[in-house]
Amino acid sequence: MQFDSFADFIAMGGYGFYVWLSFGSCALILLGILFSSLNDTKRIFSSVKQQALREERIKKAKQEAGQ
């Protein structure tokens, strides 16, 4: 589809409101998924680190108790 001006492009043949609303909502949803994924990744790495430290403390305590 070819447009004569930028205003025609924005108007999208009279359907601009729906077209740009759909693009905007899709962009917001994708950004939400991105930030949620980054937050989950950060939380999982933190949990794994805490678990490793906990296991190290338990192993050290068992070695000290055995001596």
Side-chain angles (χ1 to χ4, degrees):
M1 185 176 226
Q2 187 175 357
F3 299 102
D4 294 330
S5 68
F6 186 71
D8 287 340
F9 173 72
I10 297 297
M12 290 281 172
Y15 297 103
F17 175 75
Y18 304 107
V19 170
W20 297 114
L21 184 64
S22 66
F23 275 117
S25 61
C26 187
L28 285 176
I29 290 169
L30 289 174
L31 285 173
I33 290 171
L34 173 68
F35 289 130
S36 175
S37 297
L38 291 174
N39 188 29
D40 289 347
T41 301
K42 181 178 165 184
R43 185 177 45 82
I44 289 170
F45 279 137
S46 175
S47 175
V48 169
K49 184 178 178 181
Q50 288 176 355
Q51 180 69 25
L53 291 172
R54 189 178 306 119
E55 289 175 1
E56 186 178 321
R57 285 194 314 265
I58 291 170
K59 185 177 178 181
K60 186 177 178 182
K62 284 182 180 180
Q63 286 177 350
E64 290 176 358
Q67 291 178 350

side-chain contact (heavy atoms from CB on, under 4.5 Å) assessment of Ile10 paired with Trp20: CA-CA 8 Å; Ile10 297 297; Trp20 297 114; 4.3 Å; yes
Residue Asp4 excluded, over 12 heavy atoms near CG under 6.0 Å: no
So if you build clusters from Ile, Leu, Val, Met, Phe, Trp, Tyr with side-chain heavy-atom gaps below 4.5 Å, do Phe35 and Leu28 land together? no
From CD1 (Ile58) to CD (Glu56), nearest 0.5 Å: 11.0 Å
Can you get from Phe23 to Phe9 by hopping between Ile, Leu, Val, Met, Phe, Trp and Tyr side chains that sit under 4.5 Å apart? yes
Would Gln50 and Ser46 count as a side-chain contact (heavy atoms from CB on, under 4.5 Å) here? Give the steps. CA-CA 6 Å; Gln50 288 176 355; Ser46 175; 3.9 Å; yes
Judged by atom type as modelled, is there a donor-acceptor pair below 3.5 Å linking the side chain of Ser25 to the main-chain atoms of Leu21? yes
Would the distance check show the side chain of Ser22 and the main-chain N or O of Tyr18 forming a donor-acceptor pair, the cut-off being under 3.5 Å? yes
One should read off an interatomic distance between Leu34 CG and Asn39 CG, to the nearest 0.5 angstrom, of 11.0 Å
